[in-house]
Amino acid sequence: MSQLHFYRFYLEFGCLRKAFRHKFRLPPPSSDFLADIVGLQMKQTAGDLPKTMEGSLPSPNSKAAINLQNDPIIQKFGSKKVSLTRCLLTKEEMRTFHFPLQGFPDCENFVLTKHNGSITDNSPLFGLDCEMCLTSKGRELTRISLVSEGGCCVMDKLVKPENKILDHLSSFSGITKNILNPVTTKLKDVQRQLKALLPPDAVLVGHSLDLDLRALKMIHPYVIDTSLLYVREQGRRFKLKFLAKVILGKDIQCPDRLGHDATEDARTTLELAQYFLKYGPKKIAELNLEALANCQELQAASQEPRNTAEVLQHPNTSILECLDSMGQKLLFLTRETDAGELPSSRNCQTIKCLSNKEVLEQARVEIPLFPFSIVQFSFKAFSSILTEEMNKRMRIKWTEITTVYAGPFSKNCNLRALKRLFKSFGPVQSMTFVLETHQPHLCIQYEVLEAAQLAIESLDGILLDGTRIKVQRPVTELTLDCDTLVHELQGDSENQGTLYLSGVSETFKEQLLQEPRLFLGLEAVILPKDLKNGKQKKYCFLKFKSFGSAQRALNILTGKDWKLKGRHALTPRHLHAWLRGLPPESSPPGLRVVPPRLEQEALQTLKVDHPKIAAWRWGQKIVKLYNTLCPGTLCLILLPGTKSTHGSLSGLGLMGIKEEEESTNPGLCS
């Protein structure tokens, strides 16, 4: 099954859409999807990996095991070496990551450094690290260290906080009550000295540098943050200790010492920035930092931790090896005809069944006994001709549900004003006059479903130049259930709390972030760009923590002050990415699609194995299994996608955690 099957039969999967709140796109599968998931193929390349990570880069032979184009460092910086100025955080990034900025209300009493804007690729770098304690007013500075490019410490000061200390945070800072007792240096003394020390074009380098600058209550516009320079997936950040070990081959923040050494940390961040500039993104991406970090985190969580260096030797550890390192077993349940994809091993128990029904029955019994289980359901393969026909129909269906017909209009209507009106709801792919009717009509095909739906909801039945117009989708066999589909899409857990807005300007995000009190619960601002010219489009999506927060924001943004058009979202992000990959369908909107003779024959042959019935059966089996799971179980459904002579189809992943209330309400997914 693929993403195509899920959305082609979307209405059949009502329970799954409610239970699994997160969905993500999978690339088309390799020849052995299951082995890829478990990590067996990765194991084959482990011999090419370096035996030590003592600051060394991987050997050239290991490059084939890593897809560099998917590395977040390559995606941000490209593969060529970058200049110093390219590594600086932009003003937009500084705002996003809460750096203190001039003019912001929470930075009114902050001190500005003497910067003059003449930043170049030869500007001097300074490593900065601060230690803090917890006082009655929050976190306050207790130590500052500043290191110049040669590694020389030019400033290392202990600082007496202004307010009463509640916790010295000694395990992190290394600062104790006895150490601070004789200190007389105050924050204002440090601010004055630092301002005098830094040249006007100085670049400050640190790890989570926003926290250091806020502790200093200072504003500096030229910064490199190594926690953001070494980009990690999904907005996470690598720890400084990890980067120091893997990139520089040095151990810092050792457990046998009390707290961190601020000078050592400042020098480390400086060396990390210099390493990045010297070797460039490509060599760093070849290290496969994400895999190394995952192995290290897994080892740290193990009840019987091994030597960290031993784990770092094999970053491409398979699931079987990871479970083995923790003394745990994998359960693999499959049909007899599909078995053999996973080898038997001392920590993998394979149970072969005669049918999908038996797989389900065994899963209900065995899953609670294992910490990690893989359950494989399989169905008779759909013919490539049928799959291609489904793909074609899906393209036509999406074209039709994003198309609206509007009219009738006067023959003397203002065409320019009409076009402006319909474009105000979202990006238009095409707009044509329909002259087959007695009075002219417009046919508008939008790029996104939300725009078409918004146009229908806003304009259908209104009076325009004295004529009441109708705005509707074309009525075909593929759009007959469109109202139901739109209703279900809006209720999809992936869309809960997400807004679609049209008419946004290039400065919209800045305006939005300047009014944080108006938009409580805002989690993400998604600004699509034109793939050809890279310019920001005039629509966006806003993700909020709850439906209520989203509704309040919608009322404000469509009100008289903001004057935007919007509604609750209908299409999750992974669906946008998939739809962009579909080739355009040449069939004109409104054309009735008649199944070709080959498909009719295929349906007669398949009978009960029609894809819709197979999809419904598959959904029911997953639902039954899900209802038996214990609360707190992480559950992943993987539709691997397909490859055929007609082309590849992307897969789809669904993810959810079984919750307590679901286990007490068996009717939720029955």
Side-chain angles (χ1 to χ4, degrees), residues 88-112 137-139 208-221 223 225 227-228 234-235 237 423-427 448 450-451 453-454 457-458 490 494-530 534-573 576:
L88 297 177
L89 290 182
T90 64
K91 187 174 181 180
E92 180 66 26
E93 287 174 322
M94 293 181 74
R95 182 183 291 111
T96 300
F97 295 109
H98 310 296
F99 277 76
L101 292 170
Q102 190 174 1
F104 272 53
D106 60 342
C107 304
E108 291 177 355
N109 299 319
F110 282 39
V111 174
L112 274 72
K137 296 293 184 180
R139 289 180 180 264
S208 297
L209 192 56
D210 56 305
L211 302 177
D212 298 320
L213 289 172
R214 287 193 175 275
L216 285 164
K217 293 189 176 180
M218 296 188 75
I219 296 172
H220 188 74
V223 297
D225 192 323
S227 72
L228 300 170
Q234 300 173 349
R237 302 193 192 190
K423 285 182 178 179
S424 68
F425 297 105
V448 293
E450 287 84 356
Q453 187 65 22
L454 194 55
E457 293 168 348
S458 304
Q490 183 168 314
E494 190 83 1
N495 294 323
Q496 290 298 300
T498 303
L499 298 180
Y500 163 81
L501 295 171
S502 178
V504 301
S505 64
E506 291 183 358
T507 60
F508 171 72
K509 186 177 178 181
E510 294 179 6
Q511 296 170 346
L512 196 71
L513 296 177
Q514 286 174 0
E515 302 281 357
R517 294 180 182 177
L518 290 179
F519 306 107
L520 298 175
L522 179 62
E523 291 185 326
V525 181
I526 302 154
L527 298 164
K529 291 185 178 180
D530 191 298
K535 291 184 179 179
Q536 179 185 316
K537 294 194 174 185
K538 294 183 179 180
Y539 72 96
C540 75
F541 293 90
L542 303 183
K543 178 72 176 174
F544 289 85
K545 287 184 178 179
S546 67
F547 179 85
S549 299
Q551 185 60 55
R552 285 191 292 273
L554 183 62
N555 295 336
I556 294 170
L557 291 165
T558 55
K560 61 180 181 179
D561 293 331
W562 291 77
K563 298 179 181 178
L564 299 175
K565 289 184 170 66
R567 72 176 320 281
H568 291 279
L570 299 172
T571 46
R573 291 180 70 187
H576 282 285

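Numbering of residues begins at 1 and proceeds along the displayed sequence.
- For Arg214, the side-chain hydrogen bond (donor to acceptor under 3.5 Å, both in side chains) criterion is met by Asp106, not counting sequence neighbours.
- Applying the side-chain hydrogen bond (donor to acceptor under 3.5 Å, both in side chains) test to residues at least two apart or on different chains, the pairs with a partner in residues 544-553 are Ser546-Ser549, Ser549-Arg552, Gln551-Asn555, Gln551-His568.
- Residue Lys217 places its NZ atom among 12 or fewer non-hydrogen atoms of other residues, nucleotides or ligands, all under 6.0 Å distant.
- No donor-acceptor distance shorter than 3.5 angstrom exists from the side chain of Asp530 to the backbone of Lys535, with no hydrogens or angles considered.
- When all heavy atoms of Asp210 and His98 are compared, the pair lying nearest together is CB-O, 3.9 Å.
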In residues 506-528, what donor-acceptor pairs under 3.5 Å come from side-chain atoms, sequence neighbours left out?
| residue | atom | partner | partner atom | Å |
| --- | --- | --- | --- | --- |
| Thr507 | OG1 | Ser505 | OG | 3.2 |
| Thr507 | OG1 | Gln511 | NE2 | 3.4 |

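- Of the possible donor and acceptor atoms, none in the side chain of Gln490 sits under 3.5 Å from a partner among the backbone N and O of Asn495.
- Looking at Leu499 and Phe544, their side chains come closer than 4.5 Å, going by heavy atoms from C-beta outward.
- Looking only at side-chain heavy atoms (C-beta outward), Glu93 and Leu228 stay at 4.5 Å or farther from each other.
- Between Gln453 and Leu570, the closest heavy-atom pair is CB-CD1, 4.0 Å.
- Phe425 and Ala451 make their closest contact through O-CB, 3.3 Å (heavy atoms, listed as atom of the first residue, atom of the second, distance).
- In plain terms, the two heavy atoms of Ser502 and Gly426 that are nearest each other are OG-N, 3.2 Å.
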Inset, instruction - Take Phe541 and Glu450 through the test side chain to side chain contact (heavy atoms under 4.5 Å, CB included) and record every step on the way to the result. - result: CA-CA 10 Å; Phe541 293 90; Glu450 287 84 356; 3.7 Å; yes
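- In this structure, the separation between CG on Leu564 and OH on Tyr500 is 10.5 Å, given to the nearest 0.5 Å.
- A donor-acceptor pair is defined here as one N or O able to donate and one able to accept, closer than 3.5 Å; no such pair exists between the side chain of Thr498 and the backbone of Lys543.
- What you find for Leu213 and Phe110 is that their closest heavy atoms are O-CE2, 4.3 Å.
- Pairing each heavy atom of Cys540 with each of Val504, the nearest pair is SG-CG1, 3.9 Å.
- Looking at residues two or more places apart in sequence or on another chain, you find no side chain to side chain contact (heavy atoms under 4.5 Å, CB included) involving Asp561.
- Remark: Ser458 OG to Arg567 CZ distance equals 9.0 Å, nearest 0.5 Å.
- Residues that satisfy the side-chain hydrogen bond (donor to acceptor under 3.5 Å, both in side chains) test with Arg139, not counting sequence neighbours, are absent from this structure.
- Expressed to the nearest 0.5 Å, how far CG of Leu211 lies from CZ of Phe97 amounts to 12.5 Å.
- By the side-chain hydrogen bond (donor to acceptor under 3.5 Å, both in side chains) test, Asp225 is found to be paired with Ser227, residues two or more places apart in sequence or in another chain being considered.
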Inset, instruction - Carefully, step by step, assess Ser208 and Arg237 under the rule side chain to side chain contact (heavy atoms under 4.5 Å, CB included). - result: CA-CA 9 Å; Ser208 297; Arg237 302 193 192 190; 3.7 Å; yes
